[in-house]
Every structure is written in C-alpha cells, then in structure tokens.
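Below: one structure, written as structure tokens.
In what follows, every heavy atom counts, from backbone to side chain, and hydrogens, waters and symmetry copies are set aside. Counting convention: from 1, in listed order, for ligands and their atoms alike. All residue numbers refer to positions in the sequence shown, counting from 1.
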Amino acid sequence: MKEQFTRARTFLESARSIGVLTGAGISAESGLKTFRDSGGLWEDHSIEQVATPEGFARDPQRVWAFYNARRKAAHAALPNAAHQALARLEERCRLTILTQNIDGLHQKAGSRNVVELHGSIWKVRCTGCGLVSSEQPIELPPLPHCTSCRNLLRPHVVWFGEQLDVDILRAAQGVVEACDLFLVVGTSAVVQPAASYPFIASHRGKPVIEVNKEKTPVSEIASISLLGLAGEILPEIIPA
Ligand code: BV8
C-alpha cells in the first residue's frame, strides 16, 4: 500500500490540471449519511418517494421532511480532512471538483472551482415561476411557498429521471477533457451521468486515482485504487 501512496503522490505533484469526482463518501467523516452504506439514506427512505419528481408531486411534505432533515445535518457538519486536502491541492495546481454532493462542504473548506452536478441543498426553486433562491432559513416550513407567486417551492437538486443542467454537463465534460489526472473520491459510481466521468477520462488515456472505502466499478479501470477512509488517505497523498 505504501508504494501505491508514493505513486499517487507523484501523480498528484506532477499533474498540471486535475479533475475530481466526489460523492457522499467524502462527507461521511463529517457525520453526513451516505446513500448506499449500511445506515445510509436509502435504507430508510424510498428513492421513488423522496428523490423523484413523481414522489414530490405525490407527497411534497414527505420530500420536504427528508430535505429539511438533511439541511439541518449539513448545516451542523464541518468539512473534514479530505475536503481540506482538496482545497489545499487547488492552491497548487488547476483543479475542478465535480461533486455529486449537495451539502456545500467543499465550498466551506475553501474550494473555489466546484461544479455541483446534482444541485445544492442550500438552494430552492419555485415550481411556478422557476425563481431559484438560497436565502432561506436552515429549516423551511413543511410546505414552503414562493413569496412572489405563491407556488410550492422544491429543493434545487436533480432527482432521478431529471436531466442535469446543460451548462453543468458542458462544464463537466470540459473538465474531463482538459485534465491530465482524474481523482475519484467517495462514490459508489452507479449513478449516471456522473459515474461515466472516470471511464471517459480513462478512455482518453488519463490516469485515474480512486480513493474509496470499498471497491467500485471504477476500481477495475483505476491506475491506482486506494481502499480506505478519504479523511485519512487524502492528507497522506496530498501533503500539507
Ligand atoms: C438522467 C439528488 C437523463 C440530490 C441524486 C429512468 C429514467 C430516467 C433516468 C434513468 C432511469 N433509469 C436510470 C436512469 C439514469 C439515472 C441513474 O443513473 N440511475 C441509476 C441508479 C441506475 N440517472 C438519472 O436519473 C440522472 N438523470 O439520467 O437524466 C434522463 C432523463 C430523463 C429520461 C432519461 C434520461 C439524475 C441522477 C441524479 C440523481 N440524484 N441525488 C440529493 O438528494 O442528494 S443521486 C445520489 O446518489 C447522489 O447525488 C449521487 O449522485 C448518487 C450516488 O451516491 P454516492 O455519492 O456515490 O453515494 P453512495 O452512498 O452511493 O456511495 C458512497 C461511497 O463512498 C461508497 O462506495 C462507500 O463505500 C464510500 N465511502 C463511505 N464512507 C467513506 C467512503 N469512501 C471513503 N471514505 C469514507 N469515509
């Protein structure tokens, strides 16, 4: 394993432009639940009910209870050593994080180039006039309504079956094409199109480094796959 860490450090030190894909695993050591680990969000919530537009149309109060609880948890959470290591790395070379997370912890750690593929838990969108706002209390009312058109507000996140924003897709594609190293941290790599980015990078001949608690489909194509906790491994391969 030591030799793998040294190889990863060398890759990271010599890279001129780094693309990073992060998932819920990078925020686990900040105390936030992941989706698919035991005790994860999908253990006691049905995706269909709380992470699809159909579920929201059927029972918006249930969806808001799910997102209000996550807003509260994310507000109390602090970036961990993994978030901080990526913010540090951004000081040394061109680096953009493509995050599937909506918790805002990369930005809280000081990362500036962050593409939120699936939106942000800190933004709400009016289902009527489409107004997007981030000026809301930590916990919204059980059924929040738009102050200007009175329609129901929804979390400004991408649910299953919804298209990602086309500008976000274009930005992400640009990062994968421009980078000379692709780092993947804390994702089960099952949700598309985010999960495709490490494979596209690899197909284009870029070295892929994975840091994850368990093996994933990315492990098969990674140049280096480091198994363990992101909060322990990232500070090892991205020295202060
Ligand atoms: C789309 C919302 C085009 C925000 C999320 C039918 C109709 C339409 C589309 C589909 C369909 N069937 C399939 C699809 C495609 C679908 C998809 O990919 N489904 C999968 C399940 C097969 N994708 C979509 O729908 C996307 N849109 O395709 O549009 C379209 C549109 C219409 C019609 C056709 C096509 C939209 C996907 C976005 C869904 N929204 N989140 C929120 O509430 O958070 S997904 C959610 O799960 C996350 O955002 C994330 O992206 C995803 C995966 O989660 P991870 O982040 O990877 O977390 P997970 O728990 O799974 O894994 C954590 C990992 O970390 C584990 O490996 C664990 O071991 C590791 N770990 C844990 N602790 C640590 C650690 N590692 C290191 N250190 C630790 N300490």
Side-chain angles (χ1 to χ4, degrees), residues 8 20-56 62-71 73-74 77 79-86 97-106 114-125 154-166 168-169 172 183-199 209-220 222 225-237:
V20 189
L21 174 69
T22 63
I26 199 168
S27 296
E29 290 157 271
S30 296
L32 295 184
K33 285 186 174 182
T34 64
F35 292 92
R36 294 170 181 80
D37 286 319
S38 61
L41 290 164
W42 297 150
E43 201 162 85
D44 42 18
H45 294 90
S46 123
I47 292 183
E48 219 292 321
Q49 286 182 334
V50 297
T52 65
E54 296 76 14
F56 183 72
R62 177 195 294 269
V63 175
W64 270 113
F66 176 62
Y67 280 94
N68 265 327
R70 292 176 66 196
R71 282 169 67 101
N80 63 61
H83 297 106
Q84 286 155 357
L86 290 181
I97 298 172
L98 308 176
T99 189
Q100 300 171 86
N101 301 339
I102 61 174
D103 55 34
L105 288 181
H106 285 301
V114 181
V115 176
E116 292 179 314
L117 299 170
H118 296 155
S120 167
I121 202 161
W122 301 119
K123 291 181 184 162
V124 296
R125 185 169 82 238
R154 60 163 279 177
H156 187 52
V157 301
V158 181
W159 282 326
F160 286 98
E162 293 188 316
Q163 306 264 8
L164 277 69
D165 178 292
V166 68
I168 295 277
L169 286 170
L183 175 62
V184 187
V185 185
T187 183
S188 57
V190 295
V191 172
Q192 299 299 340
S196 65
Y197 296 136
F199 295 87
I209 298 176
E210 179 187 39
V211 174
N212 207 64
K213 202 173 69 167
E214 64 194 5
K215 286 225 164 291
T216 74
V218 172
S219 313
E220 310 305 314
S225 181
L226 301 172
L227 286 185
L229 301 183
E232 291 173 4
I233 294 177
L234 284 193
E236 274 289 310
I237 59 177

Item checked: Min N/O separation Q100 to ligand 1 under 3.5 Å -> yes
Note to self: So if I count the atoms of ligand 1 from 1 in the order they appear, which ones are less than 4.0 Å from some heavy atom of E29?
What the structure shows: 78 (N), 79 (C), 80 (N)
Notebook entry, point to check: Backbone, side chain, both or neither: what part of I26 comes under 4.0 angstrom of ligand 1, heavy atoms only?
Noted result: neither
Notebook entry, point to check: So which heavy atom in the protein is nearest atom 23 (N) of ligand 1, and how far is it from that ligand atom?
Noted result: Q192 O, 3.1 Å
Check: Which atoms from ligand 1 have a heavy atom of E162 less than 4.0 Å away?
Finding: 1 (C), 26 (C), 27 (N), 29 (O), 36 (C)
Notebook entry, point to check: Which residue and non-hydrogen atom of the protein lie closest to atom 21 (C) of ligand 1, and at what distance in Å?
Noted result: F160 CE2, 3.9 Å
Note to self: If we set the cut-off at 4.0 Å for heavy atoms, which region of T187 has an atom near ligand 1: side chain, backbone, both, or neither?
What the structure shows: both
Checklist line | Taking atom 54 (O) of ligand 1 as the reference point, the nearest protein heavy atom with its distance | finding: R36 NH1, 3.1 Å
Note to self: Minimum distance, heavy atoms only, to atom 73 (N) of ligand 1: which one of A28, A82, S27, A194 is it?
What the structure shows: A28
Margin query: I need the atoms of ligand 1 closer than 4.0 Å to a non-hydrogen atom of G186, numbered in the order shown.
Written below: 63 (C), 64 (C), 65 (O), 76 (N)
Notebook entry, point to check: Does the side chain of Q100 pick up a donor-acceptor pair with the side chain of T187 at under 3.5 Å?
Noted result: yes
Notebook entry, point to check: Any chance CZ of R62 has more than 12 other-residue heavy atoms, nucleotides or ligands included, within less than 6.0 Å?
Noted result: no
Next item on the list: For the residue pair S188 and T216, confirm or rule out a side-chain donor-acceptor distance under 3.5 Å.
Entry: no
Check: Does A51 have a heavy atom less than 4.0 Å from any atom of ligand 1?
Finding: no
Next item on the list: Run down the list P53, P155, S188 and name the one with the heavy atom closest to atom 62 (O) of ligand 1.
Entry: S188
Check: Where's the contact between R70 and ligand 1, heavy-atom distance under 4.0 Å: side chain, backbone, both or neither?
Finding: side chain
Next item on the list: Any chance you could measure L105, atom CG, to N80, atom CG, to the nearest 0.5 Å?
Entry: 7.5 Å
Note to self: Closer than 4.0 Å to some heavy atom of G228 - which atoms of ligand 1 meet that?
What the structure shows: 77 (C), 78 (N)
Check: For atom 40 (N) of ligand 1, which of T216, I102, V158 has the closest heavy atom?
Finding: V158
Notebook entry, point to check: Starting from atom 70 (C) of ligand 1, which protein heavy atom do you reach first, and at what distance in Å?
Noted result: N212 OD1, 3.4 Å
Next item on the list: Specify the closest pair of heavy atoms between H83 and S30, including all atoms of both residues, with the distance to one decimal.
Entry: CE1-OG, 3.6 Å
Next item on the list: Run the numbers for me: atoms of ligand 1, each under 4.0 Å from some heavy atom of L229, listed by number.
Entry: 78 (N), 79 (C), 80 (N)
Notebook entry, point to check: Any chance the side chains of S120 and H156 put a donor and an acceptor closer than 3.5 Å?
Noted result: no
Margin query: Residue-level breakdown please: for Y67 versus ligand 1, do any non-hydrogen atoms fall below 4.0 Å on the side chain, on the backbone, on both, or on neither?
Written below: side chain
Next item on the list: With heavy atoms of A230 as the reference, note each atom of ligand 1 found under 4.0 Å away.
Entry: 77 (C), 78 (N), 79 (C)
Margin query: As an exercise, identify every atom of ligand 1 less than 4.0 angstrom from a heavy atom of A24.
Written below: 55 (P), 56 (O), 58 (O)
Notebook entry, point to check: Relative to the heavy atoms of G23, which atoms of ligand 1 are at a distance of less than 4.0 Å?
Noted result: 56 (O)
Notebook entry, point to check: Nearest protein heavy-atom contact for atom 25 (O) of ligand 1: which residue, which atom, what distance?
Noted result: G161 N, 2.8 Å
Margin query: For the residue pair E210 / S219, report whether a side-chain donor-acceptor contact shorter than 3.5 Å exists.
Written below: yes
Notebook entry, point to check: Roughly how far, to the nearest 0.5 Å, is CD of E232 from NZ of K213?
Noted result: 11.5 Å
